[in-house]
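Convention: sequence-line order gives letters A, B, ...; per-chain numbering from 1.
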Protein chains: 2
Amino acid sequence: MAPEPLTSERILEATEEVLRRHGPAKATVVDVARALGVSHGSVYRHFRTKAELREAVTKRWLDRTTETLQRIARTEGEPTPEVLRKWLAELFAAKRHKAGDDPELFATYEVLLDENSTVVEQHIADLVGQLTDIVEDGVQRGEFTAAAGSDAAATARAVFDATGRFHDPAYAPEWSRPGIEDAFASVLGLVLRGLGAEAHGSAG
Amino acid sequence: MAPEPLTSERILEATEEVLRRHGPAKATVVDVARALGVSHGSVYRHFRTKAELREAVTKRWLDRTTETLQRIARTEGEPTPEVLRKWLAELFAAKRHKAGDDPELFATYEVLLDENSTVVEQHIADLVGQLTDIVEDGVQRGEFTAAAGSDAAATARAVFDATGRFHDPAYAPEWSRPGIEDAFASVLGLVLRGLGAEAHGSAG
DNA sequence: CAGCTGACAGATATTGAAATCTGTCAGCTG
DNA sequence: CAGCTGACAGATTTCAATATCTGTCAGCTG
C-alpha cells in the first residue's frame with residue numbers, strides 16, 4: 001500500500017464528502033478522520049478547529065461559483081447590460097442549483113452565516129467587486145449613465161442588494177415557487193433601467 | 001366591581017402585553033387568561049387556537065404600520081417620486097423601530113413567517129397594493145415611465161422586492177449597522193431611476 | 001524527529017422521564 | 001341558558017443524567 005500523505009486538500013475532499021452525507025449538524029471531525037483512515041488528532045494538525053475546517057470547505061465550494069461568474073464578467077464584445085443580465089442570471093441559477101442539488105453543503109453555508117464568518121463576507125466582497133467592474137465597464141462604454149459611475153462600488157452594492165431576493169440564502173425556500181422567474185425578470189428590468197440601460201428583457 | 005365583559009379586544013390587549021413581557025417562546029394561553037383573571041377555557045371561546053390568537057395580535061400590530069403608510073401613499077400635491085421616497089423611508093423606519101423597540105412582538109412576527117401565516121401574506125399584499133397605487137399615480141402624472149405602468153402591479157412588486165433588505169425581517173440584524181442609511185439611499189436612487197424619475201435624493 | 005496516535009478534560013448533544021401546555025367539553029353559575 | 005370553569009387527554013417542553021464530541025498533548029513509530 002502507498003498511503004497517500006495526509007494533505008489539507010485530501011482532508012477538504014473527505015470533509016466535503018462527510019458533510020454531503022451527514023449534513024453540518026451531524027458531521028463530526030471523527031467522521032472525517034475515519035473516512036481518511038487516520039485519527040482525529042491528525043486532522044487537527046491541518047485545521048486548528050472544526051469551524052476552520054468548515055470554513056475552508058465552504059470557501060472552496062463558493063469559489064467555484066465565483067470563478068464561473070468571473071468568466072462572465074470578463075466577457076468582451078457584448079453590450080454591458082447583456083453581460084450584467086447574464087451575470088445576475090447565472091448568480092441566481094448557481095445559488096438555486098446549490099440550494100436544490102447540494103442541500104447539505106448549502107446548509108453548511110447557512111451555518112457560516114450565523115457565525116458571521118469572514119468567508120461569507122469575503123465571498124460577498126468578491127461578488128460586489130465583480131459587479132463593480134461590470135458597472136465601470138458599462139459607464140466607460142456609455143451604456144450606463146454617469147450617475148451609476150460616480151461611485152461605481154456603491155452602485156454595484158445597490159445592484160447586489162436590490163437583487164438579494166435571488167441570491168441571498170435566506171430566500172432559498174422561495175426559489176422553487178412558481179412566478180419566481182417573472183419576479184426576477186421584473187427586478188432585473190428595474191435595475192437595468194435604473195442604471196440607464198435601455199430595457200431589453202424578453203422575460204419568460 | 002364591574003367585571004368588564006370578556007371581549008376579543010380585551011384578550012388581544014392582554015395577549016400583546018403578555019407577549020411583550022414573555023416573548024413568543026414563553027407566553028402561554030394560561031398566562032393570558034391569568035392576566036385577565038379568567039380561566040384559559042374562556043380565551044378559547046374567542047380564539048380557536050393559540051396560533052389564531054398570535055396571528056390576531058400580530059395583524060393588529062402590523063396594521064398600525066399599514067395605516068401610517070396609507071396616509072403617505074394618499075399624499076396629494078407632491079411629486080410622486082417624493083411620495084415613493086417618503087413611503088419607502090417610512091416603511092424602513094417603521095420596521096426598524098418595531099425590531100429595535102418592540103423586540104418581543106417582532107419575534108412573534110417572525111414566528112408567523114415560519115408558519116407561513118396568511119396574516120403575513122396579507123400584510124405584504126397590502127403593502128404591494130399601496131405601492132401599486134403610487135406607481136399608477138406616477139405613471140398617470142408622467143413622473144414615471146410608461147414602462148413602469150405597463151404592469152403596475154408587477155412593477156410595484158419589483159420595487160418591494162428590490163428594497164427587501166430594508167423591510168424584510170430576515171435582515172433586521174443588519175438594520176443597526178453603520179452604513180445602512182447609505183445603502184438604503186443607493187438602492188432607493190437606483191429604484192427611482194429605474195422607474196424613470198429624475199434622481200433627487202440628497203442622501204445622508 | 002516529523003508526523004501520527006489515542007487518552008483525556010471540558011464542552012456540547014442526546015435521551016427519556018417528569019412537568020407543563022394546548023385544546024376539549026361536561027357541568028356549574030348568575 | 002350564555003358564558004365561564006376546571007378536570008382531562010394528548011402534545012410539547014423542560015431538565016438532568018448520560019453519551020458523544022472537540023481540542024490538547026505526552027509519547028509512540030517509522
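Residue B/Gly41 is the one, among A/Arg48 and B/Gly41, whose nearest nucleotide of DNA chain D lies closer to the 5' end (criterion: closest heavy atom).
Under the 3.5 Å distance criterion, the side-chain polar atoms of B/Glu90 are left unmatched by any main-chain donor or acceptor of B/Thr65.
Taking the six-membered ring where tryptophan is involved, the planes of A/Trp175 and A/Phe92 are perpendicular, since the angle between them exceeds 60° and thus also 30°.
The interatomic distance linking B/His22 (NE2) with D/dT14 (P) rounds to 13 Å, in whole Å. Between B/Phe47 atom CZ and D/dG3 atom C1' the separation is 16 Å, expressed in whole Å. B/Leu6 places its CG atom 5 Å from the P atom of D/dC4, with the value rounded to the nearest Å. Taking atom CZ on B/Arg34 and atom C1' on D/dG6, their separation rounds to 15 Å, with Å as the unit.
Between B/Leu53 and the options B/Leu19, B/Thr58, B/Ile11, a side-chain contact (heavy atoms from CB on, under 4.5 Å) holds for only B/Ile11.
Of the candidates C/dT22, D/dT22, C/dG3, C/dG3 carries the atom nearest the A/Arg45 side chain, counting heavy atoms from C-beta on. Looking at the side chain of A/Ser39, the nearest of the listed nucleotides C/dT5, D/dT22, C/dT22 is C/dT5.
For an aromatic pair to be called close, the ring centres must be under 6.0 Å apart, and B/Phe166 with B/Tyr171 fails this.
Here A/Lys26 reaches the OP1 or OP2 of C/dT14: one of its side-chain N or O atoms lies under 4.0 Å away. Here A/Ser42 reaches the OP1 or OP2 of C/dT5: one of its side-chain N or O atoms lies under 4.0 Å away.
Base-pair partner of C/dG27: D/dC4 (Watson-Crick or G-U wobble, both distances under 3.5 Å). Nucleotide D/dA19 forms a pair with C/dT12, judged by Watson-Crick or G-U wobble geometry with both contacts under 3.5 Å. The pairing partner recorded for D/dT14 is C/dA17, the criterion being a Watson-Crick or G-U wobble arrangement whose two distances lie under 3.5 angstrom.
For a distance-only test at 3.5 Å, the side chain of B/His40 fails to qualify as a donor-acceptor partner of the base of D/dG6.
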